[in-house]
2 protein chains.
Amino acid sequence: MTIADTNSWRGIQAELLRRINEREWLPGSLVPSEADLAIEFGCARATVNRAMREMADAGLLDRKRKAGTRVALHPTSRVVLDIPIIRLEVEQRGAEWRYSLIESSAEPASLALTSRLGLPRDSEMLHVRSLHYADNRPFLHEDRWINLDLLPHVRSVDFSAISANEWLIQNAPYTAGDISFSAMGADAGLADLLDAPEGAALFVIDRITWDKDRPVTAVRLSYAPGYRMNTKI
Amino acid sequence: MTIADTNSWRGIQAELLRRINEREWLPGSLVPSEADLAIEFGCARATVNRAMREMADAGLLDRKRKAGTRVALHPTSRVVLDIPIIRLEVEQRGAEWRYSLIESSAEPASLALTSRLGLPRDSEMLHVRSLHYADNRPFLHEDRWINLDLLPHVRSVDFSAISANEWLIQNAPYTAGDISFSAMGADAGLADLLDAPEGAALFVIDRITWDKDRPVTAVRLSYAPGYRMNTKI
DNA sequence: GAGTGGTCTAGACCACTTG
DNA sequence: AAGTGGTCTAGACCACTCG
């Protein structure tokens with residue numbers, strides 16, 4: 001029928017998606033077992049498994065041993081965001097990237113921060129603030145705290161030559177991270193830096209990364225007004 | 001060594017991740033071929049493939065035939081967001097969900113919208129606006145346009161009884177979607193509806209869904225101030 | 001041309017869960 | 001107890017792409 005009706009796993013996946021999309025298989029209903037589908041499509045069971053596993057990962061199917069496979073009741077759409085290095089993000093937009101360091105100094109971190117990170121209160125951390133530009137217009141403000149216990153030699157890095165964002169990606173591996181996205185009104189300081197009116201709505205990303213339960217860095221990225229983060233389903 | 005050093009694909013993947021995280025394999029460097037790793041781990045090549053494929057999907061490895069596999073230079077972190085039905089999102093926060101329809105009427109859509117959707121200009125679409133509440137406080141404003149050509153019987157749906165969000169998920173399959181996230185200041189109308197000051201920073205999701213190149217619906221979700229979208233890496 | 005990853009097979013055993 | 005998905009194997013052929 002379709003272009004991909006070879007008995008490849010992609011072709012099978014496309015057919016299964018069709019049956020779900022066209023309501024041939026209703027939400028919540030039991031679908032045939034891998035073995036049966038393998039017979040129907042004339043292929044090995046592993047091929048059917050390859051097709052269905054991805055759909056289960058994507059939340060379209062619910063699979064349980066013995067109980068079999070069902071079409072998911074609430075197909076929560078799963079969105080994948082790629083968060084690149086800021087320099088690359090700017091350059092991908094066809095703009096020229098520029099960067100300027102505002103401040104880099106070791107300071108005792110706030111109680112709010114140390115408690116979130118599980119560090120002793122008043123721990124000294126490296127506070128790095130900088131601005132990233134796209135075509136000489138402010139693009140985002142990076143406000144970062146780096147764990148000096150974990151990365152002591154970061155004290156001697158010259159963050160006017162390389163952005164903290166990029167240095168960390170290349171030098172500080174992490175195993176987990178928490179991210180949150182929100183909207184905030186620009187305070188006077190941010191408004192000035194981003195060349196925006198005070199109170200302007202800013203898109204904000206807060207991220208904390210961990211290396212096996214030890215915090216690496218906490219950062220807030222505040223984008224200049226008008227920024228959109230795009231993706232596809 | 002580690003807990004999972006059985007020669008399962010998970011164990012192998014953990015070991016590969018360790019080599020990357022601990023800089024045993026440097027970014028950009030060539031890693032052994034699947035065949036060599038299979039010998040090293042004493043398993044079948046398919047098992048190594050299973051471990052590495054996922055890492056390539058996640059952006060940690062770059063794989064090319066003949067050229068081999070390299071550790072990615074810029075490990076762009078990949079974030080997965082689950083976007084559930086709004087009712088479930090509210091209930092998952094432990095709040096009581098309530099919903100109120102503001103408007104539902106067939107109207108000619110703006111040129112901006114019809115051109116984005118690839119519809120004839122002045123096409124009539126169903127415009128549905130509603131408010132979702134969490135514990136009786138405004139949670140988000142849903143402003144939606146539905147393609148009447150594709151879904152003619154939507155005219156007779158009573159959107160005061162079921163939210164457009166939920167009705168569409170259950171009745172209108174889609175095959176693709178564009179999503180964008182941004183921050184916007186609340187205009188007078190939204191401020192009033194969301195019980196927020198005018199100009200307050202709102203987190204906004206714009207989404208257009210398609211069923212094989214035919215637009216299904218375009219929606220803007222404007223969240224009340226303070227909303228955060230959280231996830232993990 | 002040759003090396004690498006992409007995929008498929010036929011079979012096997014196991015883990016989990018339900019009846 | 002039995003059915004289902006999860007995984008692994010040994011082998012095979014193919015597609016791609018680099019040298």
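Below, chains carry the letters A, B, ... as their sequence lines are ordered, and counting in each starts from 1.
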Kindly point out which of [options] is positioned nearest to the side chain of [X]?
X: A/S33; options: C/dT7, D/dT4, D/dC18; value: D/dT4
X: B/R63; options: D/dT9, D/dT4, C/dG5; value: C/dG5
X: A/K66; options: C/dA10, D/dA2, D/dG6; value: D/dA2
X: A/A46; options: D/dG6, D/dT9, C/dT9; value: C/dT9

Within this structure, what is the [atom1]-to-[atom2] distance between [X] and [N], rounded to whole angstrom?
X: B/L61; N: C/dG5; atom1: CG; atom2: P; value: 11 Å
X: A/F41; N: C/dT7; atom1: CZ; atom2: P; value: 18 Å
X: A/I12; N: C/dC8; atom1: CD1; atom2: P; value: 7 Å
X: A/Q13; N: C/dT7; atom1: CD; atom2: P; value: 11 Å
X: B/E54; N: C/dG5; atom1: CD; atom2: P; value: 17 Å
X: A/I39; N: D/dG3; atom1: CD1; atom2: P; value: 14 Å
X: B/K64; N: D/dC16; atom1: NZ; atom2: P; value: 14 Å
X: B/R10; N: D/dC8; atom1: CZ; atom2: C1'; value: 14 Å

Closer to the 5' end of DNA chain D via nearest nucleotide, is it B/R45 or B/R50?
B/R50
Would you call the rings of B/F203 and A/F203 parallel, tilted or perpendicular, where under 30° means parallel and over 60° means perpendicular?
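B/F203 and A/F203: parallel rings.
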Return no unless some side-chain N or O of B/T69 is found under 4.0 Å from OP1 or OP2 of C/dT4.
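No, outside the criterion.
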So, OP1 or OP2 of D/dG6: does either fall under 4.0 Å of a side-chain N or O from A/N49?
yes
Measure across B/W9 and B/A51 and return the closest heavy-atom pair with its distance rounded to 0.1 Å.
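So the two residues come closest at O-CB, 3.6 Å.
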Mind running salt bridge (Lys or Arg N to Asp or Glu O under 4.0 Å) on A/R18 and A/E24 for me, showing each step along the way?
CA-CA 8 Å; A/R18 189 193 63 75; A/E24 215 164 285; 3.2 Å; yes
Knowing that exactly one of B/I83, B/I86, B/V204 qualifies, which makes a side chain to side chain contact (heavy atoms under 4.5 Å, CB included) with B/L221?
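The side chain to side chain contact (heavy atoms under 4.5 Å, CB included) with B/L221 is passed solely by B/I86 among B/I83, B/I86, B/V204.
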If you round to the nearest 0.5 Å, how far is OG1 of B/T69 from CG of B/L30?
7.5 Å
If you look at every strand shown and take non-hydrogen atoms under 4.0 Å, does A/R53 touch a base, only sugar-phosphate, or nothing?
nothing
Find which nucleotide of DNA chain C each of B/A35 and A/C43 is nearest to by heavy atoms, and output the residue with the more 5' nucleotide.
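By nearest-heavy-atom nucleotide position, the 5'-most residue is B/A35.
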